[in-house]
Novice: 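Here it is, the structure in full.
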Protein chains: 2
Amino acid sequence: MSTIKPTPAPTLRRLPKYLEYLHEAKRKGIASISCTTIANDLKLDSVQIRKDIGITGIVGKPKTGYNVDELIHSIEKHLNWDDMSSAILVGAGNLGKAFLGYENFKKYGLNIVVAFDKDRNKIDGNIFNVPILHIDKMVDLTYRMKIHIGIITAPADEAQEIAELMILSGIRAIWNFAPRHLDVPDNIYVENAELSSDISHIKRRLKEITDKEKKYSESN
Amino acid sequence: MSTIKPTPAPTLRRLPKYLEYLHEAKRKGIASISCTTIANDLKLDSVQIRKDIGITGIVGKPKTGYNVDELIHSIEKHLNWDDMSSAILVGAGNLGKAFLGYENFKKYGLNIVVAFDKDRNKIDGNIFNVPILHIDKMVDLTYRMKIHIGIITAPADEAQEIAELMILSGIRAIWNFAPRHLDVPDNIYVENAELSSDISHIKRRLKEITDKEKKYSESN
DNA sequence: ACATTATCGATATAATTATATCGATATAAA
DNA sequence: TTTATATCGATATAATTATATCGATAATGT
């Protein structure tokens, strides 16, 4: 059925973008929308949007487009945002704690239910209603709670060890914010947050832009 | 010369990964390394790595590979990590404050020198040695400091307005963590952090994995 | 000294992803 | 009621990205 073919990664990256836009449109009271309109506003290609949207299974009407509510529902269902997944977080430093209070994750169907740290000084009850426990308790608790998503916000040199513990805990997918490659079995999915990649993009493109401008001004 | 052709985005995404690996290798005392070795350890294709690395301009030696120091230098130079860029951050909430204390950014050549917020309650001197000022001061100060990179960690409905102020401030590249599409002129580069895309990937791939397992167990 | 091997850079092929085109159809206008 | 038009889904083409192949070469072993 819907899962014979995996959704292409670029599509998966764009779908949330459409969703954000569609929620905004809905708030403005727009009932139906076409790919052409979305493409104009987001400065993307309408054919690409139509294809991406089509993957989620919805069918549109010529001349009108799609019903906004149905479209939102179709995408959210495809992305599994409609059923809330529980997650654990390991590493209650600045970034980890910030995530515990980051409300948007819930919108995306991700609920951090408990956090762990190896530093007993950081284990001071709850932060944003999420309990912070010692890492010793992770494997047993996570396994019993049947949680399958783990977030690593610990320092790089602890990441591999944490990943291995997570796998013991029954974690199947790891969201890794530590700048370290994780060596895991094939049946474990790792999503690297790659803040460094973002910065690389920014710095390189900035260089490309300014170099080009310099060249242009020199040739005049 | 090196900037005639823009570096492909996938390459830009992988290069930091190699860097992290190479720094680790260097720490272990490894002096020279081949693409084959890197590929094995990172579970990637050696040809792809060779091509990515080649883009940065370095040449290797048959049978030996590359000198680790030179390779690190070549990549970091290509990514502009060697010259530190100053950045401003707008939105001193949980995430914003966490970033002010996130040491890794400096390693990637990004230095957040000042943060702004519209909420006067959040303007309480320095956090992690970074001053937090009222947003009223942003345009003038940023312009005078000739800062070209801006980070948005404010709520979604403030993002567009902040982006416009940033452009007035002389900002050329924006790293946007707010879940909102930014409408900016062509000459401004926007990198969207897309935490929601990461979550979409995780949730969908998890679904694809478990669906497949279910199917397999049913057919037995 | 010569053969063997690992690796490089370059080039060729395959796969994926993006964009363009086209007939069909629902709505709106004449 | 008929014609015009915007949009859809499907299909075809182009561009980008990934992978495979191959001759050249530096190090190593015989």
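All chains are named by letter (A, B, ...) in the order of the sequence lines, taking the proteins before the strands, and each is independently numbered beginning at 1. These values consider heavy atoms only, across backbone and side chains, with no hydrogens, waters or symmetry-generated copies. Since we're looking at a predicted model, the values are computed, not measured.
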Novice: Quick one: does A:W175's side chain get under 4.5 Å of B:L195's, heavy atoms only?
Specialist: yes
Novice: Can you check each nucleotide of nucleotides 18-30 of chain D against protein heavy atoms at under 4.0 Å and return B for base, S for sugar-phosphate only, - for none, in 5' to 3' order?
Specialist: BBB----BBB---
Novice: Restricting to non-hydrogen atoms, name the atom on B:N111 and the atom on B:K106 that form the minimum distance, rounded to 0.1 Å.
Specialist: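 Shortest heavy-atom separation between B:N111 and B:K106 comes out as OD1-CE, 3.2 Å.
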Novice: Is the distance from OP1 or OP2 of C:dA6 to the nearest side-chain N or O of B:S34 less than 4.0 Å?
Specialist: no
Novice: Send over the distance from A:Y66 OH to C:dA26 C1', rounded to a whole Å.
Specialist: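 These atoms are roughly 14 Å apart.
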Novice: Is the side chain of B:K97 donor-acceptor paired with the backbone N or O of B:F128 at a distance under 3.5 Å, no angle test?
Specialist: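 Between the backbone of B:F128 and the side chain of B:K97 there is no qualifying donor-acceptor contact (under 3.5 Å).
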Novice: CD1 of B:I38 versus P of C:dA6: gap in Å, rounded?
Specialist: 18 Å
Novice: How many Å lie between CZ on B:R13 and C1' on D:dT17, as a whole number?
Specialist: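 Computing the B:R13:CZ to D:dT17:C1' distance gives 11 Å.
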Novice: Looking at B:T142 and B:V139, would you say the former's side chain and the latter's main chain have a donor-acceptor pair under 3.5 Å?
Specialist: no
Novice: Looking at B:T153 and B:G91, would you say the former's side chain and the latter's main chain have a donor-acceptor pair under 3.5 Å?
Specialist: yes
Novice: Please step through salt bridge (charged side-chain N to carboxylate O under 4.0 Å, His left out) for the pair B:E20 and A:R180, ending with a clear verdict.
Specialist: CA-CA 7 Å; B:E20 184 270 313; A:R180 177 72 98 259; 3.2 Å; yes
